[in-house]
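Heads up, the thing below is written out as structure tokens.
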There are 2 protein chains.
Amino acid sequence: MPIKRIEVRERVMTRNDELAAAVRHTLEEAGVPAFNLVSSPGSGKTRLLEQTLADLGDELRMAVVTGDVQTSNDAERLARHTDRLVQAVVTNGACHLDARQVGEALAELDLGETDLLFIENVGNLVCPASWDLGEAEKVVLFSVTEGEDKPVKYPKMFEKASTAVITKTDLLPYVPFDLNRARRFLHETNPDLRVILVSALGGAGLEHWYDYLRSRVNVARAERRSLHTA
Amino acid sequence: MPIKRIEVRERVMTRNDELAAAVRHTLEEAGVPAFNLVSSPGSGKTRLLEQTLADLGDELRMAVVTGDVQTSNDAERLARHTDRLVQAVVTNGACHLDARQVGEALAELDLGETDLLFIENVGNLVCPASWDLGEAEKVVLFSVTEGEDKPVKYPKMFEKASTAVITKTDLLPYVPFDLNRARRFLHETNPDLRVILVSALGGAGLEHWYDYLRSRVNVARAERRSLHTA
């Protein structure tokens with residue numbers, strides 16, 4: 001029985017990887033970088049996206065696909081901050097988005113009118129690590145209220161991410177969170193990880209986050225040009 | 001393929017339910033109430049347990065089984081606060097504990113010398129809702145830094161819990177958390193839920209949590225007596 005379980009799981013994962021490759025190809029052709037945002041529930045993914053939509057909305061055309069287990073609460077929150085389409089995916093109990101759901105959401109978007117795509121995954125530090133969505137980069141968030149050892153406790157997620165965003169830094173004076181210890185755990189788990197500190201509430205550090213997004217948009221555009229020239 | 005996947009999953013779940021029933025029977029025979037603690041990563045399960053072991057250690061004999069995806073960090077933290085056995089289960093990537101793991105951990109404990117058992121589940125608000133561990137009650141934690149809508153976003157977990165513990169209340173002055181809204185969402189999701197507010201750091205509310213534990217220990221002892229008399 002355990003062997004059979006693994007076989008079925010492997011077939012499902014292989015199919016997901018095929019669909020993710022198709023999503024990635026579509027996004028690269030369009031020159032749209034996609035960010036797969038992962039974190040615990042309550043780390044502040046939606047809050048960071050709200051602020052980003054509000055602050056960069058005039059500069060970049062941002063699309064959002066947001067996944068939730070049962071509600072569309074996050075999609076409704078985000079829709080208040082943009083006049084662009086916010087796609088809600090309800091996973092009906094599943095602890096992650098999959099590539100099929102993202103592919104179907106993409107079909108509703110006009111990628112020619114999109115500069116970047118956010119995929120807000122289900123709040124979970126385990127399952128989404130195993131599911132490729134065709135994104136350019138995984139961005140893992142964790143807040144200063146959560147404890148510094150999240151990277152070593154959930155290493156797969158932090159190994160697969162390009163960028164870690166430490167959120168809610170405005171609460172640092174009130175919580176027993178050692179930033180140096182957090183940095184050391186992040187570096188031990190993934191030496192290549194870009195680390196950005198933000199407070200979406202207070203605004204501190206957001207410029208670093210925005211610069212990172214801008215640079216990724218520029219890279220994706222340049223790569224599309226070379227793709228279409230070649 | 002999807003149908004087969006469900007069949008395999010159902011067999012795995014059925015086997016888990018059988019093992020959970022055996023665990024529950026063993027615990028009831030011994031008169032030991034078991035609390036399955038579930039939450040997001042970083043909600044403060046380990047911190048609450050540390051404080052509980054320190055404060056009630058002279059009064060109650062508490063055993064702990066703690067599950068983690070990759071590390072034994074939580075077990076090591078807890079072991080500093082008790083001279084009793086703390087059982088670490090590493091789930092190797094799985095997003096929840098299962099009844100087999102708890103059953104094996106129980107075999108290492110002397111239940112005759114135990115007043116209550118804490119099972120600290122993997123930090124996750126989705127997967128652990130589906131896996132019965134043989135516990136007497138599920139206790140779901142969420143912190144005031146996480147947002148009030150966790151109960152409606154992860155309803156299955158809150159429906160299955162007997163008790164919700166709202167943690168880190170010392171941070172209430174610094175976060176946009178509306179306690180009345182949280183209570184309303186909790187009540188909508190599960191009208192029978194017992195709600196306890198605590199700050200493990202500051203100490204506020206801990207007496208309510210301890211009274212709840214004491215009352216459950218007394219009930220379990222009384223039930224064991226009637227079981228053995230009958």
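Model, not experiment: these values are computed from the prediction.
- Side chain of B/Q87 to backbone of B/A105: a donor-acceptor contact under 3.5 angstrom is found.
- For the side chain to side chain contact (heavy atoms under 4.5 Å, CB included) test with A/L125, the passing option among B/S40, B/P41, B/C95 is B/P41; the others fail.
- When each of B/G93, B/G123, B/G147 is scored by its heavy-atom pairs under 4.5 Å with chain A, the top score falls to B/G123.
- One N or O on the side chain of B/E146 and one on the backbone of B/S143 form a donor-acceptor pair closer than 3.5 Å.
- The pair B/E104-B/R100 meets the salt-bridge criterion, since a charged nitrogen lies less than 4.0 angstrom from a carboxylate oxygen.
- Contact annotation for B/K153: both backbone and side-chain heavy atoms come within less than 4.5 Å of a heavy atom of chain A.
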Exercise for review: Show your reasoning for whether side chain to side chain contact (heavy atoms under 4.5 Å, CB included) applies to B/V65 and B/F118.
Suggested key: CA-CA 6 Å; B/V65 177; B/F118 291 116; over 6 Å; no
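- Residues A/F185 and A/F142 place their aromatic rings such that the two centres sit no closer than 6.0 Å.
- For residues 186-206 of chain A, a heavy-atom distance under 4.5 Å to chain B picks out A/L201, given by residue number.
- Contact check on A/E159 versus A/K156 returns no salt bridge, with no Lys/Arg side-chain nitrogen under 4.0 Å from an Asp/Glu carboxylate oxygen.
- Of the two parts of B/P176, only the side chain, counted from C-beta on, holds a non-hydrogen atom closer than 4.5 Å to a non-hydrogen atom of chain A.
- Within the 3.5 Å criterion, the main-chain N or O of B/A99 finds no donor-acceptor partner in the side chain of B/Q101.
- The parts of B/Y174 that come within reach of chain A are both its backbone and its side chain, each placing non-hydrogen atoms under 4.5 angstrom from that chain.
- With respect to chain A, the highest number of heavy-atom pairs below 4.5 Å among B/T145, B/T71, B/V69 belongs to B/T145.
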